[in-house]
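Some notes on the structure that comes next.
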Number of protein chains: 2
Amino acid sequence: MFAEERRMKIIEIIKKGESVKVSGLTKRFNVSESTIRRDLVELEKSGKILRTHGGAVSKSINKLEDTFLEKQDKYAVEKDRIGRIAASQIEDGDTIIIDSGTTTYYISKYLKAKGITIITNSIVLTYELANREDIEVINTGGTVRINTKAQVGPITERTIKQFRVNKTFLGANGLSIKYGVTTPTLDEAVIKQAMIDATSQVYLLVDESKFSQVYSSVICSLDELDYIITNNERPEEEVEYYEKCGIKVLT
Amino acid sequence: MFAEERRMKIIEIIKKGESVKVSGLTKRFNVSESTIRRDLVELEKSGKILRTHGGAVSKSINKLEDTFLEKQDKYAVEKDRIGRIAASQIEDGDTIIIDSGTTTYYISKYLKAKGITIITNSIVLTYELANREDIEVINTGGTVRINTKAQVGPITERTIKQFRVNKTFLGANGLSIKYGVTTPTLDEAVIKQAMIDATSQVYLLVDESKFSQVYSSVICSLDELDYIITNNERPEEEVEYYEKCGIKVLT
DNA sequence: CTGACTATGATTGTTTATGATTGTATTTAA
DNA sequence: TTAAATACAATCATAAACAATCATAGTCAG
């Protein structure tokens, strides 16, 4: 591929409103960082892009970020932080499952690890990650639920059962000492169970509002959890109990 | 071979969206590098190509694999109209497959039929339809391709094979009398074939720019098509031929 | 035939694209 | 706030591609 071609393609990517990383581009085009930097310098000189530390973005319109989620969610800040912590647990080369839901969604903002494969049943997350050249995204498929944009049903379940992964990042509506992890709908509970079965380590992402809550469908008992990631306003007595059960609680 | 002839052929190659290398052309035409360079200098002078270090590319952006949004821009009006016609073919209670791609995407704007089920491998379409309470959306799942936001691979294929539907609305990059329906990537061709196998009626959605185009991977031959939906600027001679083959052409 | 003209090939010094390296700046995590 | 990690600019070396030039071999008009 010629330099001109490469630069055209870089522009294409950026014109879509996506940002690009130097590291991602080196992999994608299989050239050195120097070369990519020179490309970006050139493209910036001719006014086509705006360089940033680590890559480049479109000069015009800022992205369609700030989705509906972040504005109306009461615990957006907490979830953001939880997402960041969760992302920091992901290592290069991991194959992971990320559950649907608003909390888990925030992981995508902080994904840094290289060469990872993500399996998810979230349409929103898939849509978001579909632009990341450095991540392989596998969508489970399934029937789309209107409220949560999660995919559920037999297709989803069967796809998940095909995989064995390192880590699963799970969302839930309720976490209680007595009843474990729960959610309001059976469909989603079944899928979450399949996700747990497919993994070696289970991370549960819950903000403070989920503690001591119980919903009708049980996802799993506490002993299936390896980690709980939550925010600082966590209820200490409960947390102590969970840690006594052998669950590591990260904040 | 005369110089003029050689230059014509060089233009042809480049216009197809391919890049050419000086070294490649010397071999192909069995002439010296000097000669090829002189050709390229001439062609660039008359504005037909863009020289690069090592060869030349088309002046306009590489057409082989445009990105999603870019495709959306070109022929947007035509595609919108095509999408509306396609939507009008959908009846209450239908279960249909909608392929990924920019043209098929427009169907979503005009979906009126009640009680329909839509199976699709398009992340964008799924995302779009996820809010529609009156439509059941089943996403096929699969590995997400960055450029087209289509899902492909074995998961996608297997899911599609599970269904029998009334109608399939297919997109493609090339439609030609000689070679049938084609697209640039094998992965997507395989999925499209599965979609054809799962349906009783195949609708091909193509704007005028797709006529007489051929790409590397064959999706199907003409006799598998039941309908072609296109815009008004359709090439009449070709259309006549298709109708003679028993394909209904809607505009 | 001769001489001008053209397309081509061969030669050579120059330019370009690229990768590697190194010290500096910036960002991130503790 | 500080230390570590990451990204950066600047620079150099090299191989490939290039422009410029000259030489050769056809071609055609006179």
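The structure presented is a predicted model; accordingly, all values stated were derived computationally and were not measured. Each chain gets a letter, A, B and so on, in the order the sequences are listed, and its residues count up from 1.
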Checking side-chain polar atoms at under 3.5 Å, does [X] have a donor or acceptor matched by the opposite partner on [Y]?
X: T26(A); Y: S23(A); answer: no
X: E5(A); Y: T52(B); answer: no
X: N121(A); Y: T156(A); answer: no
X: Q201(A); Y: D226(A); answer: no

Side chain of [X]: nearest nucleotide among [options]?
X: R38(A); options: dT18(C), dC18(D), dA9(D); answer: dT18(C)
X: R6(B); options: dT11(D), dA9(D), dT8(C); answer: dT8(C)
X: H53(B); options: dA20(C), dT8(C), dC18(D); answer: dC18(D)
X: T35(B); options: dT8(C), dA19(D), dG19(C); answer: dT8(C)

Expressed as a whole number of angstroms, how long is the span from [X]:[atom1] to [N]:[atom2]?
X: E4(A); N: dT18(C); atom1: CD; atom2: P; answer: 10 Å
X: E42(B); N: dT8(C); atom1: CD; atom2: P; answer: 11 Å
X: N30(B); N: dA7(C); atom1: CG; atom2: C1'; answer: 15 Å
X: F2(A); N: dT16(C); atom1: CZ; atom2: P; answer: 17 Å
X: D39(B); N: dT6(C); atom1: CG; atom2: P; answer: 16 Å
X: E33(A); N: dT22(C); atom1: CD; atom2: C1'; answer: 14 Å
X: I36(A); N: dT6(D); atom1: CD1; atom2: C1'; answer: 17 Å
X: R37(A); N: dT21(C); atom1: CZ; atom2: P; answer: 15 Å

Residue whose nearest DNA chain C nucleotide is more 5′ - V31(A) or S32(B):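 Between the two, 5'-proximity favours S32(B).
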
I'd like to know if S34(A) reaches the base of dA20(C) with its side chain, counting only an N/O donor and acceptor under 3.5 Å. yes

Aromatic rings F211(A) and Y242(A): how do their planes relate, parallel, tilted or perpendicular, breaks at 30° and 60°? tilted

Please identify each residue that fulfils salt bridge (charged side-chain N to carboxylate O under 4.0 Å, His left out) with E243(A), with sequence neighbours left out.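 Partners of E243(A) under the salt bridge (charged side-chain N to carboxylate O under 4.0 Å, His left out) test: none.
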
Five-pair end axes of the helix from dC1(C)-dG30(D) to dA30(C)-dT1(D) and the angle they enclose, rounded to 10°: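 That helix has its two terminal axes inclined by roughly 40°.
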
5' precedence on DNA chain D between K21(B) and R51(A) (nearest-nucleotide basis): R51(A)

Sugar-phosphate, base or nothing in reach of V41(B), heavy atoms under 4.0 Å: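 V41(B): no heavy atom of the nucleic acid under 4.0 Å.
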
At under 4.0 Å between heavy atoms, what does T52(B) touch on the DNA or RNA strands: base, sugar-phosphate, or nothing?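 The residue T52(B) makes sugar-phosphate contact but no base contact.
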
Contact check, side chains of I119(A) and I98(A), non-hydrogen atoms, under 4.5 Å: no

